[in-house]
*Asks:* 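Here's a structure for you.
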Amino acid sequence: MSMIKIIPLGFAAGAQVVGVDLRQPLSDADQRRINEAWLEHIVLVFPEQQLTPEEQIAFSRRFGVLDDHESQAPSTLHPEHREILVLSNKVVGGKKSGTYNSGRNWHTDLSYTTRLAKGAILHCKEKPPVGGDTMWANLYLALETLTPPIRRLIEDLEALHDVTLVRGIEQRDPTVVAEMKKRNPPVIHPVVRTHPETGRKSLLVNQRIRRFLGMSDEESQNLLAMLNAHATSPEFVYRHRWSVGDVVMWDNRCSMHVALGDFDQTKPRVMFRCSLEGEVETGRIARDLAGSDRESMLQAVAAVS
Ligand code: SIN
């Protein structure tokens, strides 16, 4: 029997998990309990955990196949464990880290690849005295609360996701940016997707979408702004204030998140992230587009390259 307790932290998302030491191997009962809570609350917070990289990797592996970070620049990975992406604003050897401003606009991890991540496990190693919070939005609620006419409009819509829309990417180390662009050409995903475990549908929008297919730029921008504003309504959001030692695990299949730059940038903020590989490939590379969609996509990409 599992001794784990689940304490809800928010209405839309978020629950604290106590009564488990993540350094120890998980029992099957604990794993089941965590998985059920994860599906229900989307974002789980495990406070006061001090994991080595090996322990974080072992815990993360219980929930899926670890992403090997092929989409990321090699310099941003842990030097001994490529399963760990190091999100750090520290200056090393006179150079800012290639992830110093990661996650600063609303996004669903790896939407700029054909296989969105299943989820992620983020461990707080160092944090500024105040701020550096992360927010998650529940995209089931975002879809379910749209009015029927808008729901019909987006039901079969597809969107172009573009890594160059990662906020602040152009301020990063140019070699890291060049790697990211080379590894991640624009991709297309459906706007409504179905969660492989819960069967619930959610809205896949975020601030890394360039446009919707088959719509003019003006239509796309207005619709996207409306959908993003709706999806990030405070009612659908959980905001986490980090403590060192927190492990936060989120379900990327029904949420988006943003890492806020609301802190003194001279103070270190360091997070280790393991990502779980998505179970299914829902995207395709945009070079498969035909006719005018391809033309306007190429023009849009050229304008920012
Ligand atoms: C991310 O995975 O987008 C980063 C989250 C964070 O650093 O809080």
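Given the structure is predicted, the values throughout are model-derived calculations rather than measurements. Order of listing sets the numbers, starting from 1, for every ligand and every atom in it.
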*Asks:* Under 4.0 Å between a Lys/Arg side-chain N and an Asp/Glu carboxylate O for D217 and R211?
*Replies:* yes
*Asks:* Can you find a side-chain donor-acceptor pair between N105 and R208 that sits under 3.5 Å?
*Replies:* yes
*Asks:* Assess, by modelled atom type and distance only, whether the side chains of T134 and H240 contain a donor and an acceptor separated by less than 3.5 Å.
*Replies:* no
*Asks:* Under 3.5 Å, is there a donor on one side chain and an acceptor on the other for T145 and H230?
*Replies:* yes
*Asks:* Does this structure show an ion pair linking D246 with K127, if we count only N-O contacts that are shorter than 4.0 Å?
*Replies:* no
*Asks:* Pair D30, R62 - check salt bridge (charged side-chain N to carboxylate O under 4.0 Å, His left out), show working.
*Replies:* CA-CA 11 Å; D30 280 352; R62 294 297 299 257; over 6 Å; no
*Asks:* Enumerate, one pair per line, all nitrogen or oxygen atoms of ligand 1 lying under 3.5 Å from a protein nitrogen or oxygen, stating the separation to 0.1 Å; write 'none' if no such pair exists.
*Replies:*
| from | atom 1 | to | atom 2 | distance (Å) |
| --- | --- | --- | --- | --- |
| ligand 1 | 2 (O) | H257 | NE2 | 3.4 |
| ligand 1 | 2 (O) | R273 | NH1 | 2.7 |
| ligand 1 | 3 (O) | H107 | NE2 | 2.9 |
| ligand 1 | 3 (O) | H257 | NE2 | 3.1 |
| ligand 1 | 7 (O) | R269 | NH1 | 2.9 |
| ligand 1 | 8 (O) | T134 | OG1 | 2.6 |
| ligand 1 | 8 (O) | R269 | NH2 | 2.8 |

